[in-house]
Amino acid sequence: MPRVSGAEGQQLLRVRQDPGARRIGILVYAANFLHESWPNLKDLLASKAREGCRVRILLGDADSPVIRGRGAEELFGHGIESRRRVALMHYRPLAASSNVELRVHDTMLCNSPFVGDDHMIVNAHVFGMNAYGAPVYHLRRMREEGLFDTYATSFEAVWKQSRLPSEEA
């Protein structure tokens, strides 16, 4: 089974580098591996937003008991909270761009989808393991109400309950 790395996220977002890209969505706790393995990620997202692509980023709320619980499951204690704060430092400058929306959530995720129009990388979460070591699935929207739409609906449900990050977060 493939493991998630910056390469999978890059693959998906590179697929979406075409000028007609309409949406990019990222639902994670932190996913710092994307910035660590792909230093120009912010530049790509900003460029896509300038071209009219809607970019939505959902990060875990570092102060949420749910997020702290996930950190305990990963056996890293407070590591996930600090990783999420670092992720917010990477993404926060993008929030000033039109077409970029940055939110936080306190949802217990069973997976992290990375959406690019009709393609999606789904990072399955595994108890006791960081996301970068867990399996990933590449989905393509082939028909309505299929597996792709199931995960897309989940993304939208988390988006609806999310909120803007606080200034100090």
Side-chain angles (χ1 to χ4, degrees), residues 1-16 21-38 41 44-45 53-88 90-91 100-163 165:
M1 182 62 61
R3 302 287 184 230
V4 72
S5 69
E8 281 80 21
Q10 290 177 35
Q11 174 191 9
L12 176 65
L13 294 173
R14 284 192 176 127
V15 166
R16 303 308 352 135
R22 300 176 318 271
R23 69 178 176 155
I24 294 173
I26 301 171
L27 169 55
V28 296
Y29 287 127
N32 287 325
F33 63 86
L34 288 174
H35 295 284
E36 292 165 354
S37 61
W38 196 9
L41 175 63
L44 171 67
L45 294 175
C53 181
R54 182 180 187 196
V55 178
R56 295 188 297 167
I57 303 160
L58 283 156
L59 300 174
D61 180 347
D63 297 318
S64 164
V66 172
I67 306 307
R68 289 194 301 272
R70 175 62 181 159
E73 290 173 3
E74 289 181 345
L75 309 177
F76 285 101
H78 297 289
I80 197 166
E81 296 98 316
S82 61
R83 290 195 316 272
R84 202 292 300 177
R85 285 185 170 84
V86 169
L88 185 60
H90 285 293
Y91 288 115
V100 176
E101 299 169 84
L102 175 62
R103 302 272 185 96
V104 296
H105 68 88
D106 58 4
T107 307
M108 178 58 71
L109 297 177
C110 298
N111 57 73
S112 291
F114 302 84
V115 184
D117 288 338
D118 291 336
H119 290 265
M120 184 183 304
I121 300 291
V122 178
N123 179 202
H125 291 202
V126 177
F127 185 87
M129 182 182 292
N130 282 84
Y132 65 80
V136 297
Y137 310 99
H138 183 174
L139 304 178
R140 184 168 175 219
R141 188 168 196 266
M142 303 296 287
R143 61 181 174 82
E144 288 187 27
E145 300 181 20
L147 192 55
F148 181 97
D149 284 348
T150 299
Y151 283 103
T153 299
S154 176
F155 182 100
E156 293 302 326
V158 175
W159 184 261
K160 285 180 184 175
Q161 18 178 327
S162 67
R163 61 197 170 285

Practice item. First locate atom CG of Leu58, then atom CG of Leu109, and finally report the distance between them rounded to the nearest 0.5 Å. Key: 9.0 Å
Check your understanding: Of all residues at least two apart in sequence or in a different chain, which pass the side chain to side chain donor-acceptor pair (under 3.5 Å) check with Thr107?
Key -> none
Check your understanding: For Arg140, what residues pass the salt bridge (charged side-chain N to carboxylate O under 4.0 Å, His left out) criterion, not counting sequence neighbours?
Key -> none
Point to revise | Partner set under side-chain contact (heavy atoms from CB on, under 4.5 Å) for Arg143, not counting sequence neighbours | key: none
Check your understanding: Going from CZ on Arg103 to CD on Glu101, what distance comes out if it is rounded to the nearest 0.5 angstrom?
Key -> 6.0 Å
Revision key, fill the gap. Heavy atoms of Val104 and Pro165 approach each other most closely as CG1-CB, 3.8 Å
Review point. Is Trp38 close to Leu44 at the side-chain level, that is, under 4.5 Å between some pair of heavy atoms?
Key: yes
Point to revise | Residue pair Ala87 / Ala30: nearest heavy atoms and the distance that separates them | key: CB-O, 3.4 Å
Exercise for review: Supply the atom-to-atom distance Leu41 CG to Leu34 CG, rounded to the nearest 0.5 angstrom.
Suggested key: 6.0 Å
**Study point:** Backbone of Arg83 reached by a side-chain donor or acceptor of Asn32 within 3.5 Å
**Key:** yes
Review point. For His35, what residues pass the ring-ring contact (aromatic ring centres under 6.0 Å, His included) criterion, not counting sequence neighbours?
Key: His90, Tyr91
**Study point:** Minimum side-chain heavy-atom gap Val100-Leu45 below 4.5 Å
**Key:** no
Practice item. Could you please spell out the steps behind the side chain to side chain contact (heavy atoms under 4.5 Å, CB included) verdict for Val28 and Asn123? Key: CA-CA 9 Å; Val28 296; Asn123 179 202; over 6 Å; no
Check your understanding: Mind checking what makes side-chain contact (heavy atoms from CB on, under 4.5 Å) contact with Ala62, not counting sequence neighbours?
Key -> Glu81, Arg84, Arg85
**Study point:** Nearest-0.5 Å distance, CD1 of residue Ile121 to CG of residue Leu139
**Key:** 8.0 Å
Review point. Quick one: does Asp117's side chain have a donor or acceptor within less than 3.5 Å of a partner on Arg22's backbone?
Key: yes
Exercise for review: Could you pull out the closest heavy-atom pair between Tyr137 and Pro135, with the gap in Å?
Suggested key: OH-CB, 4.2 Å
Exercise for review: Carefully, step by step, assess Leu27 and His105 under the rule side chain to side chain contact (heavy atoms under 4.5 Å, CB included).
Suggested key: CA-CA 9 Å; Leu27 169 55; His105 68 88; 3.7 Å; yes
Table please: side-chain donor-acceptor pairs of residues 151-160 below 3.5 Å, with sequence neighbours left out.
unit_1 : atom_1 : unit_2 : atom_2 : d
Thr153 : OG1    : Asp149 : O      : 2.8
Glu156 : OE1    : Arg56  : NH1    : 3.2
Glu156 : OE2    : Arg56  : NH2    : 2.4

**Study point:** Contact summary for Ser64 and Asp106, nearest pair of heavy atoms
**Key:** OG-CB, 3.1 Å
